[in-house]
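The block underneath contains the structure these notes are about, expressed in structure tokens.
When reading the values below, keep in mind they use all heavy atoms of this one structure, side chains included, and skip hydrogens, waters and symmetry mates.
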Amino acid sequence: MADETASFPQPGKLLCQMGDTLKVKDLDAAKKAQLAQEIRDYLIAAVSQTGGHMGPNLGVVELTMALHAAFESPKDTLLFDTGHQAYVHKLLTGRHDFSSLRQTGGISGYPSRAESKHDVIENSHASTALSWANGVALGKKLNHDDSYTVAVIGDGAMTGGMAWEALNNISALKKSKLIIVVNDNGRSYAPTVGGLSHHLNTMRTNPKYERTLAQIKSMLLSAGRGGELAYDALHSMKKGLKDLVAPQAMFEDLGLKYLGPFDGHDLNVLETAFNQAKTLGEPVIVHVSTQKGRGYVPAEEDVADRFHAVGKIHPETGLPVAPSRFGWTAVFADEIVKAARVNPKLVGVSAAMIAPVGLAPMLKEFPDRVYDVGIAEQHAATMCAGLSYAGYHPVFAVYATFLNRAFDQVLFDIALHGESVTIVLDRAGATGDDGASHNGMWDLALFRLVPNLAVAAPRDEETLRAVLREAFANEQQPTLVRYPKGALPTSLPALASGFGAELIATTTATNESKAVAQKENPWLLSDKEKQLVIIAVGPTAHQAVAAVEEIKDATGWQVRVVDPGWLYPIRDEFVLSLQAADAVMTLEDGVVSGGYGEALATELRKTKPEIKVKSLGIPDEFLPHQTRTEIWDSSHLNSRYITLEAIDLLK
């Protein structure tokens with residue numbers, strides 16, 4: 001470990017002093033330029049070894065430096081939306097060791113209150129900072145606190161509806177020291193989409209506009225009645241004139257002052273702009289144009305996402321250190337293209353993540369049948385309901401954690417109306433490295449509450465392909481398919497099937513599998529021996545299979561592992577098939593509280609109150625950033641702990 005730490009890139013001499021003995025405002029122009037270069041060099045070298053959000057942070061080096069020069073953190077509150085663009089902020093506030101970035105015990109890839117008094121929002125979900133800023137600034141105003149509140153919103157976060165709800169209220173917050181910095185890099189993961197993006201791209205400031213208008217007003221009003229009439233006509237055209245000359249009218253019509261756009265890589269310009277904004281004494285938009293991936297040629301040339309997030313790469317070339325293994329997302333990408341070739345009514349929908357969720361191949365082959373709505377999951381879900389009503393079968397591919405924000409839309413817009421929408425949840429369950437807000441571990445508990453929503457959790461490539469085909473073909477109800485992040489596990493073929501589920505492991509010899517399949521109840525092979533049935537959700541099946549023989553040896557019980565496949569709605573016949581078991585254990589890559597295991601246990605005990613049931617899953621708590629394997633270990637979802645838990649259950 002010592003050798004690894006010693007070989008890790010070290011920050012430059014000037015950067016090492018930042019946040020401790022030195023601040024950005026203490027530096028002259030030459031030193032600031034040196035610091036900017038040291039920051040970029042360190043980001044490229046360090047993140048190449050750990051993985052992380054490289055592109056967004058390379059794009060905000062000068063912007064973040066200017067913020068720290070113009071404002072006094074933490075007295076002035078700095079909020080980043082989203083938090084993945086806060087690496088430079090971390091470096092400038094004394095966190096210089098990135099050797100364990102996004103690893104257990106290391107610094108987080110997002111702002112973290114546990115790390116520093118300079119961090120406020122522990123956020124990864126976009127479009128929230130303006131609401132936070134509204135509340136913080138209002139609280140300061142009530143407390144007669146004259147410090148500033150600064151929200152940096154960018155990387156597509158302005159496409160989220162919450163941002164505009166907040167702006168509507170911020171405009172009424174007069175005499176408040178609230179500054180909104182729009183980091184306009186034209187992108188979220190891929191290029192930002194929609195009318196707002198186009199509007200921001202066309203915004204240009206004409207500094208002569210207000211001065212010229214004032215001169216015209218003075219001249220006309222001094223010319224008697226005719227001049228007054230002319231001025232009235234001109235004033236009625238003001239909005240049109242402003243839209244033509246200075247499109248910042250969009251913000252100003254909300255009652256917000258607007259400055260910009262400014263070159264986001266010119267420190268002098270940025271510091272001047274922020275200092276000007278400080279003098280206004282009311283909410284103001286500072287529009288800044290930046291280049292994602294700035295200063296790193298491989299990132300600048302990456303058209304797809306400017307190295308938005310990378311694994312371990314060779315810093316010289318930007319190429320991966322190890323090629324990615326074929327993963328769950330790639331299977332979905334392949335399967336939806338196959339389905340789209342056959343079904344012209346199948347369409348794909350993404351919330352600013354076309355490539356990460358696997359819709360890029362479909363977009364390439366069917367460009368008119370894939371829609372990116374920006375960072376707007378609620379809108380995406382309800383739009384899917386409308387597409388279904390119009391005769392299409394939309395497939396909304398989204399990270400599991402981000403669908404949390406659209407629960408109401410899934411419940412009332414999709415499920416209530418019985419629309420045939422398929423939701424594909426990528427990164428479901430424990431994801432780990434990006435911390436609490438990125439773990440997609442609440443979906444099985446949340447969407448258990450949605451009537452008539454069919455939910456599936458495949459265990460391997462073959463079952464993923466099968467449930468996707470079933471979901472795409474289901475025109476009777478909404479469907480949801482969940483799978484984890486990363487590479488695919490080995491295949492686990494079924495030994496038998498029945499009641500909509502599959503038997504995948506048993507302590508009975510495999511040469512009896514044919515006899516098993518012929519039995520009325522394939523889970524239960526003997527009336528004389530005690531029998532434990534492990535219900536394994538998704539890829540937890542692999543850990544359950546590994547524990548079967550150890551449990552048999554330790555307890556003498558016969559053990560079966562069953563994959564329910566489609567979890568919800570829980571089927572009556574499946575519950576009845578388990579009634580003859582003496583004990584049932586459930587495993588799920590999701591929160592235990594309110595999850596699938598609790599739901600199944602409730603149904604089992606309705607007809608067999610004495611049955612032994614134990615549910616294993618992720619604790620109902622916010623988990624620090626760590627690997628998926630570490631989360632599973634601590635949640636007792638590995639074969640060793642499954643064995644120990646089974647022994648305890650069967651005492």
Side-chain angles (χ1 to χ4, degrees), residues 53 56 59-60 63 77-86 109-111 119-138 149-171 173 178-200 250-251 254 256 283 285-288 290 292 305 308-309 349-354 356-357 371-383 396 398-410 434-438 440:
H53 288 91
V60 297
L63 170 56
T77 306
L78 301 183
L79 309 169
F80 291 88
D81 189 354
T82 68
H84 64 232
Q85 58 183 332
Y110 293 89
D119 293 357
V120 178
I121 318 175
E122 305 187 24
N123 66 332
S124 63
H125 291 198
S127 314
T128 62
L130 298 190
S131 297
W132 271 91
N134 190 179
V136 172
L138 179 59
T149 303
V150 185
V152 182
I153 181 166
D155 238 15
M158 285 291 285
T159 61
M162 268 190 73
W164 293 91
E165 294 173 27
L167 283 173
N168 183 53
N169 281 271
I170 288 171
S171 63
L173 194 62
L178 171 56
I179 297 171
I180 299 166
V181 180
V182 177
N183 173 25
D184 178 15
N185 62 15
R187 311 180 74 85
S188 43
Y189 278 82
T192 305
V193 297
L196 171 63
S197 173
H198 295 308
H199 193 89
L200 289 176
M250 176 176 67
F251 293 116
L254 284 172
L256 294 167
I285 299 274
V286 180
H287 183 186
V288 175
T290 63
K292 196 169 183 176
D305 67 3
H308 176 85
V349 177
S350 167
M353 293 187 180
I354 291 279
V357 297
Y371 308 98
D372 187 348
V373 303
I375 304 177
E377 293 85 1
Q378 292 170 294
H379 164 60
T382 301
M383 188 183 84
F396 178 26
V398 59
Y399 284 10
T401 184
F402 297 148
L403 190 65
N404 295 350
R405 349 174 78 180
F407 174 80
D408 182 79
Q409 287 69 29
V410 173
D434 286 322
S437 59
H438 257 55

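Residues that satisfy the side chain to side chain donor-acceptor pair (under 3.5 Å) test with Asp119, not counting sequence neighbours, are His89, Arg95. Shown here are the ring-ring contact (aromatic ring centres under 6.0 Å, His included) partners of Phe407, two or more places apart in sequence or in another chain: Phe447. Residues satisfying the side chain to side chain contact (heavy atoms under 4.5 Å, CB included) criterion with Asn404, sequence neighbours excluded, are Thr401, Trp442, Leu446. Partners of Ala376 under the side chain to side chain contact (heavy atoms under 4.5 Å, CB included) rule, at least two apart in sequence or in another chain, are Val373, His379. For Ser127, there are no side chain to side chain donor-acceptor pair (under 3.5 Å) partners at least two apart in sequence or on another chain. With sequence neighbours excluded, the residues that form a side chain to side chain donor-acceptor pair (under 3.5 Å) with Thr149 are Lys140.
Using a 4.5 Å heavy-atom threshold, the side chains of Glu122 and Pro111 count as separate. Contact check for Glu377 versus Leu403: no side-chain heavy atoms found under the 4.5 Å cut-off. Counting heavy atoms from C-beta outward, Val181 and Val150 have side chains that approach closer than 4.5 Å. Leu78 is not listed as a side-chain neighbour of Val120, based on a closest heavy-atom distance of 4.5 Å or more. Pro356 is listed as a side-chain neighbour of Tyr399, based on a closest heavy-atom distance under 4.5 Å. The closest side-chain heavy-atom distance from Lys292 to Pro56 is below 4.5 Å. Looking only at side-chain heavy atoms (C-beta outward), Asn134 and Leu167 stay at 4.5 Å or farther from each other. Between Val288 and Val286 there is a side-chain heavy-atom pair separated by less than 4.5 Å.
Once rounded to the nearest 0.5 Å, the distance linking OG1 of Thr82 with NE2 of His53 reads 6.5 Å. Between the OG1 atom in Thr77 and the CD1 atom in Ile121 there is a gap of 10.0 Å [rounded to 0.5 Å]. Distance check: Met383 CE to Tyr371 OH gives 7.5 Å after rounding to the nearest 0.5 Å. We find the NE2-CZ distance between His438 and Phe402 to be 4.0 Å, quoted to the nearest 0.5 Å. From Trp164, atom CH2 reaches atom OG1 of Thr159 across 10.5 Å, with rounding to the nearest 0.5 Å. Taking CG of Leu79 as the start and CG of Leu130 as the end, the distance is 9.0 Å to the nearest 0.5 Å.
For Asp372 against Gly374, the heavy-atom pair with the smallest separation is OD1-N, 3.0 Å. Shortest non-hydrogen contact noted between Leu178 and Ala137 is CB-CB, 4.1 Å. What you find for Phe396 and Ala381 is that their closest heavy atoms are CE2-N, 4.2 Å. Taking every heavy atom of both residues into account, Leu256 and Ser171 meet most closely at CD2-CA, 3.8 Å.
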Problem - Stepwise side-chain contact (heavy atoms from CB on, under 4.5 Å) test for His287 and Ile180 - result: CA-CA 8 Å; His287 183 186; Ile180 299 166; over 6 Å; no
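Of the possible donor and acceptor atoms, none in the side chain of Asn185 sits under 3.5 Å from a partner among the backbone N and O of Thr290. The main-chain N or O of Ile153 is never found under 3.5 Å from a side-chain atom of Asp81 such that the two would form a donor-acceptor pair.
A side-chain donor-acceptor contact under 3.5 Å links Asn183 and Gln85.
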